[in-house]
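Count residues from 1 along the sequence.
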Amino acid sequence: MYTELNSILNTTPDSFTQGEFILVSDRQSDASFLMHHFLSFYLRARCKVCFLGLVQSFSHYNAVGQRLGVSLVQAKEKGQLIFFEGLKESLSVLISQESNTKSQAIDFLRDPSVGLRSLYEFVRCTVSSSSGGGEKGADGAEEWGPPVLLVDDLSVLLSLGVTVGTVLDFSHYCRATVCSQLQGNMVMLTRCDGEEEADDGDDEGSERLHRGLTHQCSLTLHVQGLPTGYCRDIHGQVEVCWRRRQGDGQHTQKKLFQYKVHDKGASFFARGTSSAVL
């Protein structure tokens, strides 16, 4: 968990805005460090977390989590974390000779026409089973705060043959359930391909997905490399954009920060305040 980022976002595990859809994106960079931050943040906040890990194994996320001071193994054992390991589930579908495998959540790999309905149902059932209010319920079982859905990363579904429209529908229904109905939070990572200047007029693939998700979310964190090129002391920059509805319109506020990722954290600098980059 990165305390400097919490200060920028004006949030703590004890006090955070509910009902938010946070979009994390990157271009020619790697924003996965932000997903590790949000995972550790919401676990510390005692939220019930549903994590769709589509790009890495559970052991990878757990190893990073330990460096950030949280144990994903313990969170799973307590029932606080439901981790969907997409790589393992995909492999079981692709090499299985039987029609019914352990999980039906990614049955779109067998039949693309079914879309992401089963994956959404997995999310809905997982987040709906969470409850808040106290440390323990009447039966002695743990009770958790508002549910949180994390997806790392959504754009992987495009490479598996899912259309952009289907992915946007999936995120829309997840937002309606998690953020609106249950007043929980949602954090999704998506990756943008290629140079930003070359994307004008491109209405396909990851760029279209990114634009569609941007219209749905209330907060975006977009990570990209430095415009000046490689720097040993600064790894890149992140643009933070808040979107709030005011009256009949929408108010947008943007701030740009430079960052450096450490083994056990990350440092953030307001643009121009780091001596490493002019």
Side-chain angles (χ1 to χ4, degrees), residues 20-39 49-58 60-61 64 83-91 93-94 105-109 112 114-120 122-123 148-176 178-179 185-225 235-241 243 261:
E20 273 202 323
F21 174 15
I22 302 172
L23 176 64
V24 177
S25 61
D26 59 36
R27 185 187 302 278
Q28 296 184 324
S29 189
D30 186 3
S32 58
F33 70 98
L34 292 176
M35 297 302 295
H36 293 295
H37 160 76
F38 284 113
L39 176 57
V49 178
C50 174
F51 192 107
L52 302 184
L54 304 179
V55 295
Q56 295 285 355
S57 66
F58 173 79
H60 165 80
Y61 295 104
V64 178
F83 191 95
F84 181 83
E85 195 161 355
L87 291 175
K88 181 183 296 184
E89 296 293 340
S90 298
L91 187 62
V93 170
L94 294 174
I106 53 175
D107 56 3
F108 64 87
L109 289 176
V114 303
L116 300 175
R117 289 190 294 269
S118 295
L119 187 61
Y120 164 72
F122 171 83
V123 171
V148 173
L149 170 65
L150 290 94
V151 184
D152 183 5
D153 78 71
L154 203 61
S155 55
V156 165
L157 296 173
L158 301 181
S159 64
L160 295 176
V162 183
T163 66
V164 172
T166 299
V167 178
L168 289 175
D169 286 343
F170 170 75
S171 65
H172 170 76
Y173 281 108
C174 288
R175 181 169 66 97
V178 178
C179 302
N185 287 3
M186 190 165 75
V187 185
M188 291 183 170
L189 170 67
T190 186
R191 303 191 184 279
C192 304
D193 296 330
E195 295 284 350
E196 190 169 9
E197 292 79 4
D199 297 329
D200 296 336
D202 178 14
D203 199 41
E204 297 299 328
S206 61
E207 298 300 330
R208 181 184 168 202
L209 176 61
H210 180 252
R211 287 195 294 269
L213 292 171
T214 299
H215 287 301
Q216 295 183 12
C217 70
S218 55
L219 172 65
T220 63
L221 293 92
H222 183 63
V223 176
Q224 55 189 351
H235 292 154
Q237 61 186 28
V238 53
E239 181 185 73
V240 183
C241 180
R243 292 176 171 82
V261 179

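Rounded to the nearest 0.5 angstrom, Asp169 CG and Arg117 CZ are separated by 10.5 Å. The CD1 atom of Ile106 lies 10.5 Å from the OG atom of Ser118; values are rounded to the nearest 0.5 Å. From Cys174, atom SG reaches atom CG of Leu119 across 7.0 Å, with rounding to the nearest 0.5 Å. Of the inter-residue distances, the one linking Phe122 atom CZ with Cys50 atom SG reads 5.0 Å to the nearest 0.5 angstrom.
Nearest approach of Leu168 to Gln216, heavy atoms of both residues: O-NE2, 3.4 Å. Between Leu87 and Ser57, the shortest heavy-atom contact is CD1-N, 4.1 Å. Contact detail for Gly86 and Leu54: the closest heavy-atom pair is CA-CD2, 4.2 Å. Residues Phe38 and Ile22 approach most closely at CE2-CD1, 3.9 Å, considering heavy atoms. Between Gly115 and Asp107, the shortest heavy-atom contact is O-OD1, 4.5 Å. Shown here for Arg175 and Met186, the closest heavy-atom pair between the two residues is CB-CE, 3.5 Å.
Side-chain contact between Phe21 and Asn185 is absent, with no heavy atoms from C-beta onward closer than 4.5 Å. Contact check for Asp153 versus Val151: no side-chain heavy atoms found under the 4.5 Å cut-off. Between Cys217 and Arg243 there is a side-chain heavy-atom pair separated by less than 4.5 Å. Looking at Val123 and Tyr173, their side chains never come closer than 4.5 Å, going by heavy atoms from C-beta outward. In this structure, the side chains of Leu157 and Leu116 come closer than 4.5 Å at one or more pairs of heavy atoms. Within the 4.5 Å cutoff, side-chain heavy atoms of Leu158 are placed close to those of Val167. Side-chain atoms of Val223 and Gln237, non-hydrogen and from C-beta on, never get closer than 4.5 Å to each other. Side chains of Met188 and Val24 form no contact here, defined as non-hydrogen atoms less than 4.5 Å apart.
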### Query
Can you check side-chain contact (heavy atoms from CB on, under 4.5 Å) on Leu109 and Leu160, steps first, answer last?
CA-CA 7 Å; Leu109 289 176; Leu160 295 176; 4.3 Å; yes
### Query
Where do Val187 and Leu149 land on the side-chain contact (heavy atoms from CB on, under 4.5 Å) test, with the steps shown first?
CA-CA 6 Å; Val187 185; Leu149 170 65; over 6 Å; no
### Verdict with reasoning, Asp30 to Arg191, per salt bridge (charged side-chain N to carboxylate O under 4.0 Å, His left out)
CA-CA 9 Å; Asp30 186 3; Arg191 303 191 184 279; 3.5 Å; yes
### Task
For the pair Phe51 and Phe84, evaluate ring-ring contact (aromatic ring centres under 6.0 Å, His included) and give the outcome as yes or no after the intermediate values.
CA-CA 6 Å; Phe51 192 107; Phe84 181 83; over 10 Å; no
### Verdict with supporting geometry, Thr214 and Leu23, side-chain contact (heavy atoms from CB on, under 4.5 Å)
CA-CA 7 Å; Thr214 299; Leu23 176 64; 3.7 Å; yes
### Message
Before you tell me yes or no, could you show the steps for Asp26 and Gln224 under side-chain contact (heavy atoms from CB on, under 4.5 Å), namely the whole-Å CA-CA distance, both residues' side-chain angles and the distance that decides it to 0.1 Å?
### Response
CA-CA 6 Å; Asp26 59 36; Gln224 55 189 351; over 6 Å; no
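With sequence neighbours excluded, the residues satisfying side-chain contact (heavy atoms from CB on, under 4.5 Å) with Ser25 are Thr190, His210, His222.
No donor-acceptor pair closer than 3.5 Å links the side chain of His36 to the backbone N or O of Val64.
Two rings, from Tyr120 and Phe170, have their centers 6.0 Å or more apart.
A salt bridge links Glu207 with Arg27: at least one charged nitrogen is closer than 4.0 Å to a carboxylate oxygen.
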